[in-house]
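Notes to accompany the following structure.
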Amino acid sequence: MTSAAAVSKLQSPLRDLVVGAAQDGTQDFGKSEKDKAEVAEWIGKVAQGDIVKPEALKDLDIQLVPRTYAVSNYLTAADVALFGALHPTFSQLQPTQYYSHPALTRYFDHIQTRPSVRKSAEALAPAFSLVSLDFSNAPAIERKAAEPKKKEKALKPDVAKPGKEAAVAPAEVKTVDGAEGKAQKKEKKEKKEKKENKKEGAAEGGEGKKKAAGGGKGVPAEDAGEPVPSMIDLRVGHIVDIMKHPDADGLYVEQIDFGEETGPRTVVSGLVHYIPIEQMQDKWLVGVVRSVVAILDDFPAPFSLSVNPQCNLKPANMRGVKSFAMVLCATSKGGKEGGIELVNPPPNSKPGDRIYFEGVDFENATPLSQLNPKKKIFETIQPGFTTLESNEAAWVNPITQSVHRIRTKDGFCVAPTLVGASLS
């Protein structure tokens, strides 16, 4: 069944909502044949009605946990149809009810705010009015740790008795008597001592391998595994003062308030040739905050400095001025000559507000205490940073192509005009 045929089976005004959003031109019925088939399948399920029944919401919630959109990584008619079918239910749910379906609630709110969907919905008002959802009081999502795998004990042969075949003991090792048994015990003891001596030597040699409490296993590194965007510490900042760098024509020196007791941070950014100083003054922005831990040795005793453990990018020396944060900017897909813009936090933001990446894997993650420059975590993640058609800043997973918008608890971070821009 084609998408058009599937849409024709939808009841009005849901059918009108889908058609109206498609006419806006910001979404379609699939870019590839595979996507088109999936879009048609989703719309067909919506037309049947079972997928949005109250008893089916839990299953739908599970399906949407890893997804931003129903099909691929962009808005399609499937999302519009699913949103419209869910609207009567969500408009009646109380917070305690939709809190129990976090992925579905996040998805519904995301789709209802898309410009093309909103425009089509307003034309059909009040059928698809904006549903107000209270995210500020939502309970934290509990994530159960994976249960450790049980090690299976190796099967060892039992000692054969005269006239009998050797038996296999599945869960125990029987004692071996006599000279042969003593030799085995001695060999086992020597191996154990050798292993312990090797561990002690490694610890004394300063190789940084610490024993876990009671386990003797090495503690996994904080930044173990593949780099992910939630490792980066992003916060809302407010420029309270700005001047041109005294020794560099292309650099600004800003004082940016990140809501810290120690006061504004000094930040150096190379934006003189791209953003006039008048447009930088009093500007709200997104900052990648640099760690002060690495520069404590620069201050003589008894100078003390309040250290925030989540400031995780090392400070940089920019022509004689140390920079303690990095300003996140959007660069046109045509290059710097096409324009550079500051990424703006949502309205009503406050200095120091936490900025995170949308998605269950990232929303409650804690940034690294400090990024290891040798692992090039930021450099590995950065190619996935972009701005969507809605101008919202996001990180696109290069493997799964899932989209994770950059946001605070109050809304999403955006570039004023640039679409498909690179963020750095």
Side-chain angles (χ1 to χ4, degrees), residues 1-53 56-57 59-91 93 98 101-124 127-131 133 358-360 388-392 394 396-397 400-405 407 412 419:
M1 181 168 57
T2 65
S3 298
V7 171
S8 67
K9 294 182 179 296
L10 297 173
Q11 297 295 317
S12 183
L14 179 55
R15 181 178 63 250
D16 300 328
L17 176 73
V18 175
V19 173
Q23 289 177 343
D24 187 76
T26 58
Q27 59 84 35
D28 51 28
F29 293 93
K31 295 179 180 179
S32 66
E33 292 304 316
K34 178 176 177 294
D35 288 355
K36 289 176 181 177
E38 289 187 24
V39 170
E41 183 180 356
W42 274 97
I43 296 175
K45 290 178 180 179
V46 171
Q48 291 172 5
D50 294 339
I51 194 173
V52 295
K53 288 183 177 179
L57 295 187
D59 289 338
L60 188 56
D61 181 73
I62 294 171
Q63 289 185 64
L64 292 171
V65 166
R67 305 187 185 193
T68 299
Y69 298 103
V71 177
S72 192
N73 63 342
Y74 58 96
L75 184 72
T76 67
D79 298 300
V80 184
L82 187 55
F83 153 73
L86 288 168
H87 189 279
T89 299
F90 265 82
S91 61
L93 292 180
Y98 58 73
H101 304 98
L104 183 58
T105 301
R106 178 262 305 162
Y107 170 85
F108 178 87
D109 187 58
H110 173 49
I111 301 304
Q112 76 167 345
T113 57
R114 297 305 83 217
S116 61
V117 179
R118 198 72 258 128
K119 182 177 179 180
S120 182
E122 289 173 356
L124 299 169
F128 302 102
S129 58
L130 191 69
V131 177
L133 300 170
E358 190 180 44
V360 293
L388 309 176
E389 291 181 354
S390 58
N391 298 111
E392 293 168 330
V396 179
N397 188 314
T400 65
Q401 294 300 301
S402 59
V403 178
H404 305 274
R405 294 179 295 172
R407 65 168 302 161
F412 298 96
V419 173

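Quick note: numbers below take in every heavy atom, side chains included, and nothing from hydrogens, waters or symmetry partners.
Heavy atoms only, all atoms of each residue included: A394 and V403 are closest at CB-CG1, 4.0 Å. In terms of heavy-atom proximity, S120 sits nearest to L17 at OG-O, 2.9 Å. What you find for V46 and A81 is that their closest heavy atoms are CG1-O, 3.7 Å. Minimum interatomic distance between A78 and W42 (heavy atoms only, all atoms of both residues): CB-CB, 3.6 Å. In plain terms, the two heavy atoms of Y74 and S32 that are nearest each other are OH-N, 4.4 Å. What you find for S116 and L75 is that their closest heavy atoms are OG-CD2, 3.6 Å.
Every residue meeting the side chain to side chain contact (heavy atoms under 4.5 Å, CB included) condition with E358, not counting sequence neighbours, appears here in chain and number order: R106, E363, R405, F412. Legend: residues meeting side chain to side chain contact (heavy atoms under 4.5 Å, CB included) with P88, ordered by chain and number and at least two apart, are absent. In terms of the side chain to side chain donor-acceptor pair (under 3.5 Å) criterion, residue partners of S402 (sequence neighbours excluded) are, by chain and number, T400, H404. Considering only residues two or more places apart in sequence or on other chains, K31 meets the salt bridge (charged side-chain N to carboxylate O under 4.0 Å, His left out) condition with none of them. By the side chain to side chain contact (heavy atoms under 4.5 Å, CB included) test, E122 is found to be paired with R118, residues two or more places apart in sequence or in another chain being considered. The side chain to side chain donor-acceptor pair (under 3.5 Å) test applied to N391 returns no partner, not counting sequence neighbours. In this view, F83 and H87, F108 satisfy the ring pair (Phe, Tyr, Trp, His ring centres under 6.0 Å) rule, not counting sequence neighbours. Remark: Q401 pairs with N73, V396 by the side chain to side chain contact (heavy atoms under 4.5 Å, CB included) rule, at least two apart or across chains.
Within the structure, no pair that satisfies the salt bridge (charged side-chain N to carboxylate O under 4.0 Å, His left out) test touches residues 79-89, not counting sequence neighbours. The salt bridge (charged side-chain N to carboxylate O under 4.0 Å, His left out) pairs that include a residue from residues 107-117 are R114-E392, where partners are two or more places apart or lie in different chains.
L104 contributes atom CG, which lies 9.0 Å from atom CG of L93 (distance to the nearest 0.5 angstrom). The line from CG of L60 to NZ of K45 is 9.5 Å long, rounded to the nearest 0.5 Å. Distance CG/L130 to OG/S91: 11.5 Å, rounded to 0.5 Å. One finds the CG atom of L124 at 12.5 Å from the NZ atom of K119 (value rounded to the nearest 0.5 Å). Separating the NZ atom in K34 from the OG atom in S72 is a distance of 7.5 Å, to the nearest 0.5 Å. To the nearest 0.5 Å, atom CG of residue L86 and atom CD1 of residue I111 are 10.5 Å apart.
Partner of L57 under the side-chain contact (heavy atoms from CB on, under 4.5 Å) criterion, out of I62, I51, T89, T105: T89 alone.
Within a 6.0 Å radius of CD in Q63, more than 12 heavy atoms belonging to other residues, nucleotides or ligands are found.
Ring geometry for Y98 against F90 counts as parallel: the plane angle stays under 30°, on a 0 to 90° scale with 60° as the upper cut.
A heavy-atom distance below 4.5 Å is not found between the side chains of T76 and Y69.
At least one donor-acceptor pair closer than 3.5 Å links the side chain of T113 to the backbone N or O of H110.
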